[in-house]
Every structure is written in C-alpha cells, then in structure tokens.
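Just the heavy atoms: all of them, side chains too, but no hydrogens, waters or symmetry mates, feed the values below.
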Amino acid sequence: MMPIRIVLLAFSNSNVEFIVGIGNEYLQDMADQVKAKNWVQQNLQPYLAQTKITCISVGNEVFMSNDTQLWSNLLPAMKMLYTTLVGLGLDKQVIVTTAHPYTVIGNSYPPSSGTFRQDIIEYMHAILAFHSQTKSPFLINAYPFFAYKDDPTQIPLEYVLFQPNQGMTDPNTNLHYDNMLYAQVDAVYSAIKAVGYTDVEVKISETGWPSKGDPSEVGSTVQNAELYHSNLLKRIQKKEGTPAKPSVPIDIYVFALFNENLKTGPTSERNYGLFYPDGTPVYNIGLQGNVSGVQDNVPGVIYSSASNIKAPSTFISLVIFAIAYLIHA
C-alpha cells in the first residue's frame with residue numbers, strides 16, 4: 001500500500017478530505033470478517049489521527065461490468081466493512097458507500113421520471129436499504145461531457161457548461177433546469193424514490209471535463225474544461241441545491257486533481273486533471289492556494305484544497321478521491 005501511504009502521509013494535518021477506495025477485485029475478500037478487519041487496521045486506522053479520511057468507497061462502478069458475481073459481492077463487502085468500523089468505533093468518523101456509473105440510470109428524462117435499469121433493481125433496492133440504515137450517501141459519477149460528446153447537435157454546449165441558455169422544463173413538475181448536471185442528479189433522486197426511499201442523499205463522486213481528447217471526442221478542449229470547472233465552482237460557492245432539492249446543497253467531488261498521464265484508453269482519459277503530473281496547472285480557475293503543510297512534505301508540488309482557496313465570502317470544497325487498490329488482507 002506504499003503509494004497510497006505516501007499520499008495519506010503527505011496530507012497529514014491538512015483539511016483535505018479523502019475517500020479511500022477498494023478495488024473491485026477485492027470485494028469477495030472484504031466480505032470476510034478477518035480480511036476486512038485486517039484491511040481497516042492496516043490501510044485506514046493508522047492514518048486517521050492525522051489525515052482526514054471520511055469515507056471508504058467499496059469497489060468502483062461495479063454495475064458497469066456484466067459480471068453478476070461482482071454485483072453479488074458488492075453489498076456483502078459494504079456490510080462487512082461497516083460492521084468492522086462499528087466494532088472499532090470508527091463508524092461515526094468514516095462512512096461506507098460505493099460509486100456508481102451514471103449508466104445505472106435506465107431513464108433520465110425528464111428528471112422526475114428517472115428510473116434505475118431493470119436488470120439491477122433488486123441490487124439497488126438492497127444497497128439503498130443499507131444507505132438508509134447507515135445514513136450514508138448514494139454516490140454517482142455524472143459527466144455531462146459524455147452526453148454532449150455523443151449528441152452535440154441536439155444538446156446545447158451552454159447547457160452542459162453552466163453558461164446562459166434557455167434550459168429545459170420538466171413537464172411533470174414544471175421545474176426549470178439551466179444545466180444538465182442538476183438534471184442528472186434529480187433523475188437519480190427520482191430513481192431512488194421509485195424504489196421506495198426518500199431519506200438517502202445523492203452526492204456526485206466524480207464529475208469533470210477533459211482538456212484534450214481524440215477528434216471524435218467533441219468538446220474536449222482547454223477552453224471548455226476551464227468553463228465547466230470554473231462555472232461549477234461558482235455554483236458550489238452559492239451552496240445551492242438542485243431544482244428538486246433546493247434546500248440540500250449539492251456535494252461534488254471533482255475528477256481529477258491531476259492528469260493521469262499513464263492511463264490507457266482515449267486521449268480524454270489522460271486529460272481530466274486540473275494539474276499536470278508535475279504540479280503545474282492545466283488552466284487557471286482560481287485554485288492557486290497551497291495545502292498547509294503539504295508543500296514541505298512533497299517538494300516542488302503545490303497542491304490546492306478547500307482550506308486555502310480564497311473566494312468571496314466562502315471557501316470552495318474540493319475533495320480528493322484517493323483510490324487504494326493495493327490491499328494486504
């Protein structure tokens with residue numbers, strides 16, 4: 001677990017919050033009481049006194065695959081890790097959840113008619129029961145970029161970039177949406193309600209916009225990435241909710257802090273970061289503050305975080321999503 005250990009120690013005594021994730025390949029192991037306890041005691045507990053670890057994300061986008069065994073392993077792993085945290089007295093400090101791809105939503109338009117895919121309804125029902133019981137959030141990875149890339153002639157660019165536009169009105173509720181991200185979130189709330197739950201909060205575990213892409217990846221430019229993130233941060237500053245949940249400030253985890261220059265796949269996959277791997281900004285959206293204590297720990301790298309981003313009358317909450325795939329169980 002050396003790479004994640006270095007990161008967690010580097011952010012000791014800072015106000016940067018971490019979600020520590022467990023890879024899909026370890027879900028079956030995490031359903032085992034001994035292995036789950038060993039993982040928490042080795043990879044989480046030693047860092048909690050100095051580093052702000054607030055969540056364990058069990059697996060990642062499990063329902064993106066067609067592996068039904070993986071689907072079946074997810075909830076038992078979540079339950080066992082939660083039980084382990086309770087036993088160690090850590091359940092009030094660290095929550096347990098999992099991040100879902102937006103493809104778990106079978107219908108998203110209009111937002112009030114949002115539903116889950118039929119093939120995963122029984123899994124979603126059980127997972128939502130867990131969230132309701134443990135008061136943990138439902139995490140969704142929502143990327144308006146994908147929708148725009150796939151249909152740029154029908155989806156206005158301004159609508160996905162939080163720019164002035166006519167927006168859309170939900171015919172069932174008469175609620176007006178001026179951006180796609182909020183419409184996506186409310187579609188998830190509708191899907192959750194459709195299976196019987198109204199007490200589970202939705203949080204965006206990933207959203208972002210690539211600054212570079214292949215020719216077929218329409219809209220992947222530095223200018224659009226800068227607009228998406230800067231306009232998104234303005235929304236966060238306002239602490240506003242979605243049209244369907246106006247009193248619940250939307251909670252967003254931006255993907256990603258750094259460009260992942262070694263990642264495979266389309267060009268865009270390596271260009272979601274706010275910073276290059278050497279720590280220099282890809283573009284400037286006002287995140288020039290340093291995380292207290294981090295620069296001394298990691299020479300030459302200036303990090304940006306919620307604790308030091310100066311903004312009119314408020315601080316912006318940017319949270320780093322750290323994935324720990326090396327597990328010594």
Side-chain angles (χ1 to χ4, degrees), residues 4 18-33 35-36 39-40 43-44 53-85 94-108 114-134 136-143 146 184-185 187-189 191-192 194-197 200-208 251 253 255-256 260 263-265 269 272 319 321-327 329:
I4 199 66
F18 278 82
I19 294 177
V20 177
I22 295 175
N24 293 344
E25 63 270 35
Y26 299 106
L27 295 187
Q28 187 171 358
D29 284 347
M30 290 303 98
D32 179 272
Q33 182 178 6
K35 291 180 179 179
W39 184 87
V40 171
N43 299 329
L44 187 74
I53 303 170
T54 59
C55 176
I56 300 173
S57 182
V58 185
N60 185 51
E61 298 191 329
V62 166
F63 295 102
M64 181 76 83
S65 79
N66 294 319
D67 186 347
T68 55
Q69 184 59 55
L70 192 64
W71 299 2
S72 298
N73 290 339
L74 177 58
L75 186 57
M78 294 171 67
K79 286 182 174 179
M80 184 56 68
L81 284 161
Y82 175 74
T83 300
T84 300
L85 292 175
V94 182
I95 61 174
V96 175
T97 185
T98 186
H100 299 284
Y102 203 77
T103 53
V104 297
I105 301 298
N107 179 65
S108 61
T115 55
F116 289 115
R117 286 172 14 212
Q118 286 301 309
D119 61 322
I120 59 172
I121 286 288
E122 65 174 290
Y123 297 96
M124 288 293 105
H125 192 286
I127 288 170
L128 287 163
F130 171 83
H131 288 315
S132 180
Q133 175 192 352
T134 62
S136 54
F138 184 93
L139 301 186
I140 193 78
N141 297 342
Y143 288 87
F146 292 146
Q184 289 181 327
V185 172
V188 176
Y189 271 119
I192 292 173
V195 293
Y197 295 91
V200 177
E201 184 179 358
V202 175
K203 296 189 178 186
I204 299 177
S205 43
E206 288 185 22
T207 192
D251 199 346
Y253 296 67
F255 184 87
E260 298 176 275
K263 200 171 185 179
T264 60
E269 290 293 314
Y272 275 93
V319 190
F321 195 172
I323 305 296
Y325 285 117
L326 299 179
I327 298 177

**OP:** Say whether, by atom type as modelled, one donor and one acceptor occur between the side chain of Trp71 and the main chain of Asn66 under 3.5 angstrom.
**Re:** no

Original post:
When rounded to the nearest 0.5 angstrom, what is the spacing between CD1 in Ile22 and CH2 in Trp39?
Top reply: 4.0 Å

Subject >> Closest non-hydrogen atom pair between Arg117 and Phe63, with its separation >> reply: NH1-O, 3.2 Å

Subject >> Met80 versus Ala36, closest heavy-atom pair with distance >> reply: CG-CB, 3.6 Å

**OP:** Could you tell me which non-hydrogen atom of Asn24 sits nearest to which non-hydrogen atom of Asn60, and how far apart they are?
**Re:** OD1-N, 2.7 Å

Original post:
Looking at OG of Ser72 and CD of Glu122, how far apart are the two atoms once the value is rounded to the nearest 0.5 Å?
Top reply: 8.0 Å

Subject >> Parallel, tilted or perpendicular, as decided by the 30° and 60° cut-offs, for the rings of Phe116 and Phe138 >> reply: tilted

**OP:** Indicate whether any N or O donor in one side chain lies under 3.5 Å from an N or O acceptor in the other, for Tyr253 and Glu206.
**Re:** no

Original post:
Would you say the side chain of Leu44 lies within less than 4.5 Å of the side chain of Ile56, judging by non-hydrogen atoms?
Top reply: yes

Original post:
Does the side chain of Thr98 come within less than 4.5 Å of Met78's, by heavy atoms?
Top reply: yes

**OP:** Please examine the side chains of Met124 and His100, heavy atoms only from C-beta on, and report whether any two atoms are closer than 4.5 Å.
**Re:** yes

Original post:
Which pair of non-hydrogen atoms, one from Gly59 and one from Val62, has the smallest distance, and what is that distance?
Top reply: CA-CG2, 4.4 Å

Subject >> Rounded distance [0.5 Å steps], CZ in Phe130 versus NZ in Lys79 >> reply: 8.5 Å

**OP:** Could you tell me the separation between the CG atom of Leu75 and the CG atom of Leu128, rounded to the nearest 0.5 Å?
**Re:** 10.0 Å

Original post:
Taking atom types as modelled, is there a side-chain donor on Asn141 or Ser205 under 3.5 Å from an acceptor on the other?
Top reply: yes

Subject >> Approximate separation, where rounding is to 0.5 Å, of Glu269 CD and Lys263 NZ >> reply: 4.5 Å

**OP:** Start with the C-alpha distance between Tyr189 and Tyr197, add both sets of side-chain angles, then the distance that settles side chain to side chain contact (heavy atoms under 4.5 Å, CB included), and finish with yes or no.
**Re:** CA-CA 9 Å; Tyr189 271 119; Tyr197 295 91; over 6 Å; no

Original post:
Taking Ser136 for the side chain and Thr97 for the main chain, is one N or O donor matched with an acceptor at less than 3.5 Å?
Top reply: no

Subject >> Within-4.5 Å side-chain heavy-atom neighbours: Thr134 and Ile95 >> reply: no

Original post:
What is the minimum heavy-atom distance between Pro137 and His131, and which atoms define it?
Top reply: O-CE1, 3.2 Å

Original post:
How many angstroms lie between NE2 in His125 and CD1 in Ile120, if you round to the nearest 0.5 Å?
Top reply: 13.5 Å

**OP:** State whether the number of non-hydrogen atoms from other residues, nucleotides or ligands found under 6.0 Å of Gln28 atom CD is greater than 12.
**Re:** no

Original post:
Testing Ile204, Thr207, Ile140 for side-chain contact (heavy atoms from CB on, under 4.5 Å) with Tyr102, which one passes?
Top reply: Ile140

**OP:** Might you point out which heavy atoms bring Leu85 and Val94 nearest each other, and give the distance in Å?
**Re:** CD1-O, 3.5 Å

Subject >> Full working for side chain to side chain contact (heavy atoms under 4.5 Å, CB included) between Leu70 and Leu27 >> reply: CA-CA 7 Å; Leu70 192 64; Leu27 295 187; 3.7 Å; yes

Original post:
Does any non-hydrogen side-chain atom of Ile121 lie less than 4.5 Å from one of Val195?
Top reply: yes

Original post:
Are Val20 and Asn43 close enough that some pair of their side-chain heavy atoms sits under 4.5 Å apart?
Top reply: no

